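What you see is a predicted model; the values in this text were computed from it and never measured. For the numbers below, each heavy atom of this structure counts, side chains included, while hydrogens, waters and symmetry mates do not.
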Number of protein chains: 2
Amino acid sequence: MDKDCTVYRTADFIGRRWTLLILLELCKGKPSRRYSELKKSLPGITPKILSTRLKELEKEGLVKKRVDTRTFPVRCDYSLTKSGGDFIGIIKNIKKWALRWKFTNKTCSRLDCKECMVG
Amino acid sequence: MDKDCTVYRTADFIGRRWTLLILLELCKGKPSRRYSELKKSLPGITPKILSTRLKELEKEGLVKKRVDTRTFPVRCDYSLTKSGGDFIGIIKNIKKWALRWKFTNKTCSRLDCKECMVG
DNA sequence: CGGTATCCTTTCGGATACTG
DNA sequence: CAGTATCCGAAAGGATACCG
């Protein structure tokens with residue numbers, strides 16, 4: 001098992017809790033989101049984990065952070081990079097696979113919900 | 001976070017150590033592989049983890065196990081199901097993404113190696 | 001606001017020995 | 001051969017308090 005293999009590393013980090021949901025949150029509507037907005041849209045996430053995941057995603061180049069230091073407190077916002085946006089395609093592939101091979105479900109708030117995130 | 005969401009569950013289990021490599025091993029050449037063959041082709045894996053992963057994959061419906069009880073010791077072999085075979089496509093998608101957005105590498109034995117598993 | 005620091009529990013995975 | 005059983009250390013993740 002080669003820990004430097006990007007395929008393996010990718011599979012590894014998308015399996016971590018919250019990562020997928022953060023990515024999806026960042027691709028919904030607005031071009032960028034604040035830390036506190038993300039926290040609010042992800043009920044149950046702790047500040048530590050959100051911060052950890054955002055750093056991982058930044059390090060992997062999927063998320064870009066912008067800080068505005070002119071105000072106090074400072075404002076930070078996060079957005080998808082080009083590769084991050086492209087990554088959404090992989091999530092959709094997984095979703096397609098899931099819908100093809102697993103039972104479908106009717107409730108929403110799931111990534112595999114038939115109604116949302118179509119495509 | 002909905003633990004029943006198949007997209008999330010999928011992302012979760014493909015991030016686990018060895019899972020991807022087992023899947024790839026099963027799609028290489030032969031239609032089915034024995035437990036001991038798998039163990040040999042995956043240097044470093046412990047019997048416990050191999051067994052655990054195979055059960056997870058079976059439970060998720062990607063792998064099918066067949067036991068031949070007529071001999072002693074019994075023979076078991078594992079093969080990809082239809083959905084398991086289809087899943088290889090997702091791995092290839094991840095690979096494509098990796099090759100597009102990450103540095104490429106020359107050494108083999110990596111899933112993201114440019115030379116192998118083309119497509 | 002946007003995080004860190006600390007503590008604590010749970011889970012994961014490795015090593016090794018053993019068994020029908 | 002095809003696994004289980006047992007034990008262990010490391011890492012992940014949750015809860016909560018605190019800070020510039």
With heavy atoms of chain B within less than 4.0 Å as the criterion, where does contact along DNA chain D begin and end? D:dC1 to D:dC7
Let me know the distance between [atom1] of [X] and [atom2] of [N], rounded to the nearest Å.
X     : N      : atom1 : atom2 : result
B:I22 : C:dG13 : CD1   : C1'   : 13 Å
B:I45 : C:dT16 : CD1   : P     : 16 Å
A:R66 : C:dG3  : CZ    : C1'   : 18 Å
A:F72 : C:dG3  : CZ    : P     : 13 Å
A:D12 : C:dG13 : CG    : C1'   : 13 Å
A:L50 : C:dG3  : CG    : P     : 8 Å

Between [X] and [Y], is there a donor-acceptor pair closer than 3.5 Å when you use the side chain of the first and the backbone of the second?
X      : Y     : value
B:T10  : A:A98 : no
B:K102 : A:V7  : no
A:R53  : A:R17 : yes
B:S32  : B:Y78 : no

For [N], does either OP1 or OP2 sit under 4.0 Å from a side-chain N or O belonging to [X]?
X     : N      : result
A:Y78 : C:dG3  : yes
A:S36 : C:dG2  : yes
B:W18 : C:dC12 : no

Do [X] and [Y] come close enough that some side-chain heavy atom pair is under 4.5 Å?
X      : Y     : result
A:I88  : A:K92 : yes
A:L26  : A:R33 : yes
A:F13  : A:L62 : yes
A:R100 : B:D86 : yes

If you assign A:R34 and B:R16 each to the DNA chain C nucleotide with the nearest heavy atom, which residue ends up on the more 5' nucleotide? A:R34
Please work out whether the ring planes of B:F87 and A:W97 are parallel, tilted or perpendicular, with thresholds of 30° and 60°. perpendicular
Give each protein N/O atom lying under 3.5 Å from an N/O atom of nucleotides 5-7 of chain C, with the pair distance.
none

Less than 4.0 Å between a side-chain N and a carboxylate O, is that true for B:K55 and B:E58? no
Students often get this wrong, so: under 4.0 angstrom with heavy atoms, is B:V74 touching a base, only sugar-phosphate, or nothing? sugar-phosphate
If an axis is fit to five pairs at each end of the helix from C:dC1-D:dG20 to C:dG20-D:dC1, what is the angle between the two, to the nearest 10°? 50°
Output the distance between atom CZ (B:R66) and atom OG (B:S79), rounded to the nearest 0.5 Å. 8.0 Å
